[in-house]
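Start at 1 and go down the list; that is how both ligands and their atoms are numbered. For this chain, numbers begin at 1 and follow the sequence in order. Here the structure is a predicted model, which means the values were calculated and not measured.
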Amino acid sequence: MANLRFGVVGCGRIGKLHINNLLNNIEGAEVVAAADPMLDKSGAREWLAQRGITNASTDYMDVINNPDVDVVMVCSSTDTHCEVSMEAVKAGKHVFCEKPIDYDIAKIKALLALVEEKGVKFQVGFNRRFDHNHKAVADAVKAGKIGEPHYINVSSRDPEPPPASYVAVSGGIFYDMMIHDFDMVRYLSGSEAVEISAVGSCLVNPNLQEESGIPDVDTAVVTMKMANGAIATINNSRQAVYGYDQRVEVFGS
Ligand SMILES: NC(=O)c1ccc[n+]([C@@H]2O[C@H](COP(=O)([O-])OP(=O)(O)OC[C@H]3O[C@@H](n4cnc5c(N)ncnc54)[C@H](O)[C@@H]3O)[C@@H](O)[C@H]2O)c1
């Protein structure tokens, strides 16, 4: 198979993680271009050069217009995902976009319509579907080992909260963090939510809303009823003092 050539937009925390994974763990993957407006201030230009990526720009359109790029990895801040993805799809590139695509359903639908029209591949960064522990649960459910799923419980707790500047454009805990757990509940139940309720508090950082400028919370619980009758609960914390903690339980018939 010919090598796949990637261009990475956004060289912060997750962009660097994806670049390292592409370079070290994915056979046939090449990273041929990268972009980030903060390249020269954040030290990312040197970081990229150390990995042989010298085609680095502060303008993401340079990645999109690069004829050597087959796949655009959208790893920039959340508020840029839809715009960058739109431009990449328009240019006929395949796209891997970090979650969430956008905060506005109409914009997401317009993007997905363009993806269909252009016939390109588009993947969103729901990495937990590929985590072997979560996948083992999903496989057991699919194989009917637990009967009909009655109850799904997802606990998702980060080791430490992100900086206020990240939260400000993240869309808040439900778009930014619980989105993985909503995806997991849909994946495990094979069904869509028909009822939902949520509660949240600022317990990790009581000043979160003033510091981020958005009405966010750092601790939240959601209950969902799915179309097939299954009931799900999700709990999120931005700070588990003992470290990263991800669990799923599916209780069946
Ligand atoms: N799937 C996951 O589990 C997971 C984990 C972490 C982050 N993410 C997602 O990845 C995205 C980035 O998160 P992060 O933690 O790397 O944040 P970050 O703040 O560390 O990095 C974001 C980078 O994007 C750059 N950027 C901003 N505007 C840009 C533009 N127009 N063009 C190119 N680059 C631009 C910034 O300069 C910064 O370097 C977020 O949307 C987040 O939701 C997903």
Starting from [atom], what is the nearest protein heavy atom, named by residue and atom, and what distance separates them?
atom                    : answer
atom 25 (C) of ligand 1 : Asp36 OD2, 3.2 Å
atom 15 (O) of ligand 1 : Arg13 NE, 2.8 Å
atom 42 (C) of ligand 1 : Tyr166 OH, 3.1 Å

Suppose I only count heavy atoms of [X] and a 4.0 Å limit; which atoms of ligand 1 are within that range?
X      : value
Gly125 : 1 (N)
Met38  : 37 (O)
Thr78  : 40 (C), 41 (O), 43 (O)
Asp176 : 43 (O)
Glu98  : 1 (N), 2 (C), 4 (C), 8 (N), 9 (C), 10 (O), 44 (C)

**Report entry** Within 6.0 Å of CD in Glu116, more than 12 heavy atoms from elsewhere
**Finding:**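 No - once you tally the heavy atoms of other residues, nucleotides and ligands closer than 6.0 Å, there are 12 at most.
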Please confirm whether [X] comes under 4.0 Å of ligand 1, counting heavy atoms of the residue only.
X     : result
Lys16 : no
Glu83 : no
Pro37 : yes

Query raised in the report: Does one side chain, of Glu87 or Tyr60, offer a donor that lies under 3.5 Å from an acceptor on the other?
Result: no
Query raised in the report: Taking atom types as modelled, is there a side-chain donor on Asp176 or Ser170 under 3.5 Å from an acceptor on the other?
Result: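 No donor-acceptor contact under 3.5 Å links the two side chains.
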Report task. Give the contacting part of Lys99 toward ligand 1: side chain, backbone, both or neither, where contact means a heavy-atom distance below 4.0 Å. Result ->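 It is both backbone and side chain that touch ligand 1.
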Considering [options], which one's heavy-atom position lies nearest to [atom]?
atom                    : options                     : result
atom 21 (O) of ligand 1 : Cys11, Gly12, Gly15, Gly10  : Gly12
atom 12 (C) of ligand 1 : Cys97, Cys75, Ser57, Pro162 : Cys75
atom 10 (O) of ligand 1 : Thr58, Thr80, Ile14, Val9   : Ile14
atom 11 (C) of ligand 1 : Ala34, Ser77, Ser76, Ser170 : Ser76

Query raised in the report: Are His134 and Tyr187 an aromatic pair by the rule of ring centers under 6.0 Å?
Result: no
Report task. Write down the atom of Lys90, the atom of Lys118, and the distance for their closest heavy-atom approach. Result ->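 The answer is O-NZ, 3.4 Å.
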Report task. Indicate yes or no: does an N/O atom of His180 lie under 3.5 Å from an N/O atom of ligand 1? Result -> yes
Report task. State whether Tyr166 and Arg13 meet the cation-pi test: NZ (Lys) or CZ (Arg) under 6.0 Å from the six-membered ring centroid, and within 45° of the perpendicular axis. Result -> yes
Query raised in the report: Apart from Leu17 itself, what residues make up its hydrophobic cluster when side-chain heavy atoms of I, L, V, M, F, W and Y under 4.5 Å apart count as a link, directly or indirectly?
Result: Ile14
Query raised in the report: In terms of side-chain geometry, is the basic nitrogen of Arg157 or Asp245 positioned less than 4.0 Å from the acidic oxygen of its partner?
Result: yes
Query - Under-4.0 Å salt bridge between Asp181 and Arg128 - result: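 Salt bridge: yes.
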Report summary line: The salt bridge (Lys or Arg N to Asp or Glu O under 4.0 Å) partners of Arg5 (sequence neighbours excluded) come to Asp68, Asp70
Requested in this report: Please lay out, stage by stage, how His81 and Lys99 fare under the test side-chain contact (heavy atoms from CB on, under 4.5 Å).
Outcome: CA-CA 8 Å; His81 290 182; Lys99 42 55 55 174; over 6 Å; no
